[in-house]
Enquirer: 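Please read through the structure below; I'll follow up with questions.
We name chains A, B, ... by the order of the sequence lines, and we start the count at 1 in each one.
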Number of protein chains: 2
Amino acid sequence: MPWRPTRQRKAVLSALHDCAGFTSAQELHEALEADGIPIGLTTVYRALHALDRSGQVDVVREKSGERLYRPRPADGHRHYLVCRDCGLSTAVDADAVERWAEDVAGTMGFAEVEHTVELTGVCDRCRVTPAVRSSAEQHS
Amino acid sequence: MPWRPTRQRKAVLSALHDCAGFTSAQELHEALEADGIPIGLTTVYRALHALDRSGQVDVVREKSGERLYRPRPADGHRHYLVCRDCGLSTAVDADAVERWAEDVAGTMGFAEVEHTVELTGVCDRCRVTPAVRSSAEQHS
DNA sequence: TCAGTTATGGAAATGATTACCATGTGCGTC
DNA sequence: GACGCACATGGTAATCATTTCCATAACTGA
Ligand SMILES: [Zn+2]
Ligand SMILES: [Zn+2]
Ligand SMILES: [Zn+2]
Ligand SMILES: [Zn+2]
């Protein structure tokens with residue numbers, strides 16, 4: 001399974017790092033095109049899929065089912081607290097959950113256990129000044 | 001917002017209780033039709049949506065994005081450990097997670113916090129006798 | 001250069017879910 | 001019981017993210 005660091009793949013990874021929070025495939029595609037980087041939507045999906053398989057991105061699903069991506073921080077597996085209003089996302093400490101997952105799996109005799117944990121809420125700022133969720137401008 | 005307990009709505013709720021584990025809207029629809037209960041797919045979706053809003057079912061999403069439903073046990077909010085192979089699902093104790101979620105949310109200044117937690121793995125039995133995931137027959 | 005593999009991207013397909021809308025049903029009223 | 005209206009149903013068509021197809025392009029090693 002060779003891996004060619006093509007212009008497109010590098011562009012996707014780069015564009016992903018330029019985004020503050022979680023971003024969808026389609027948003028990324030638009031952003032790239034807007035930057036004058038011609039790339040097919042299919043290729044964006046493929047690149048994200050590959051990044052996911054190789055563990056370079058974290059993926060969450062929003063209520064609609066759309067997948068949102070975010071470059072994974074260097075220190076590995078994380079979970080996030082995401083504002084439903086503005087999209088602001090913050091990595092949180094989840095050691096307790098990690099331990100719990102291990103525990104439960106062991107107790108129940110399950111193997112190859114995976115977990116997804118998603119926390120959503122309304123952030124401090126949005127409680128005061130409700131914002132519309134937009135990929136372009138998320139307050140940092 | 002009145003609530004008429006129509007033939008169809010009662011049938012959906014009943015069919016849902018007849019299923020061992022999590023079930024999709026379409027599976028439910030097929031099961032109902034197979035039982036000679038004529039009902040529109042649209043109606044099944046509406047009924048499940050209503051049950052969800054009123055907190056009578058738990059919902060999870062599988063990798064494909066398909067929504068799976070399960071009647072919520074009387075004792076309220078639960079999380080499940082689901083076998084990726086056969087679909088066997090088991091409610092697990094998640095007090096640790098509940099507390100963690102509260103904690104994190106409070107610390108970060110978020111309000112109206114919601115969480116989704118999904119545990120998947122391969123169950124004891126499936127490690128020995130791999131089964132194909134099928135809604136119809138899930139070992140209990 | 002040549003062949004073989006890998007990557008790209010437009011268009012068409014997929015598949016769950018939702019929107020529309022004309023029709024049907026429950027139910028309180030007269 | 002008949003009437004009227006709000007609520008419910010269900011077929012079909014639309015939506016929409018994602019995937020599949022497939023012909024073409026780019027890359028790599030010999
Ligand atoms: Zn916010
Ligand atoms: Zn984790
Ligand atoms: Zn199993
Ligand atoms: Zn919980």
Enquirer: Would one find a side-chain N or O of A:Gln8 under 4.0 angstrom from OP1 or OP2 of D:dA26?
Expert: no

Enquirer: If I take atom NE2 from residue B:His115 and atom CD from residue A:Glu118, how far apart are they, to the nearest 0.5 angstrom?
Expert: 11.5 Å

Enquirer: Rounded to whole angstroms, how far apart are CD on A:Gln26 and P on D:dT19?
Expert: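 It works out to 11 Å between those atoms.
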
Enquirer: Between the side chains of A:Ser24 and A:Arg67, is a donor N or O closer than 3.5 angstrom to an acceptor N or O?
Expert: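 Side-chain D/A pair, A:Ser24 to A:Arg67: absent.
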
Enquirer: Both B:His29 and B:Arg9 contact DNA chain D. Taking the nearest nucleotide for each, which residue is further toward the 5' end?
Expert: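 The answer here is B:Arg9.
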
Enquirer: Kindly determine whether A:Tyr80 and A:Asp58 satisfy side-chain hydrogen bond (donor to acceptor under 3.5 Å, both in side chains), including the steps that lead there.
Expert: CA-CA 10 Å; A:Tyr80 301 90; A:Asp58 289 316; 2.8 Å; yes

Enquirer: Whole Å only: how far is the CD atom of A:Glu66 from the C1' atom of D:dA17?
Expert: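 Atom CD in A:Glu66 sits about 7 Å away from atom C1' in D:dA17.
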
Enquirer: Taking all heavy atoms of A:Val82 and all of A:Gly87, pick out the closest pair and write down the distance.
Expert: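 Distance-wise, the nearest heavy atoms are CG1-O, 4.0 Å.
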
Enquirer: Without decimals, in angstroms, what is the distance between B:Arg61 CZ and C:dT17 C1'?
Expert: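 The distance from CZ of B:Arg61 to C1' of C:dT17 comes to 10 Å, rounded to the nearest Å.
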
Enquirer: Measuring to OP1 and OP2 of C:dG9, would you say a side-chain N or O of A:Thr43 lies under 4.0 angstrom away?
Expert: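 A:Thr43 to C:dG9 OP1/OP2: side-chain N or O found under 4.0 Å.
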
Enquirer: Expressed as a whole number of angstroms, how long is the span from B:Lys10:NZ to C:dT25:P?
Expert: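 One finds 15 Å between P of C:dT25 and NZ of B:Lys10, rounded.
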
Enquirer: With DNA chain C as reference, determine whether B:Thr42 or B:Ser64 sits nearer its 5' end, using the nearest nucleotide of each.
Expert: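 Comparing both residues, the 5'-ward one is B:Ser64.
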
Enquirer: Using whole Å, report how far CZ of A:Arg46 lies from P of D:dT20.
Expert: 11 Å

Enquirer: Name the closest nucleotide to the A:Leu41 side chain, picking from C:dA19, C:dG9, D:dT18.
Expert: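 Closest of the options to the side chain of A:Leu41: D:dT18.
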
Enquirer: From D:dA26, D:dC7, D:dT18, pick the nucleotide closest to the side chain of A:Arg4?
Expert: D:dA26

Enquirer: Counting heavy atoms from C-beta on, name the nucleotide in D:dG11, C:dG9, D:dA26 closest to the side chain of A:Ile39.
Expert: C:dG9

Enquirer: Could you tell me how far apart A:Glu33 (CD) and C:dT8 (C1') are, to the nearest whole angstrom?
Expert: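 In whole Å, C:dT8 C1' and A:Glu33 CD are 13 Å from each other.
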
Enquirer: So, B:Asp75 and B:Arg72, do they make that salt bridge, N to O below 4.0 Å?
Expert: no

Enquirer: Using whole Å, report how far OH of B:Tyr45 lies from P of D:dT9.
Expert: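 Distance, rounded to whole Å: 16 Å.
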
Enquirer: Can you tell me the distance, in whole Å, between the CZ atom of A:Arg67 and the P atom of D:dC16?
Expert: 18 Å

Enquirer: Starting the side chain at C-beta, find the nucleotide from D:dT9, C:dT8, D:dT18 nearest to A:Thr6.
Expert: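 The answer is C:dT8.
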
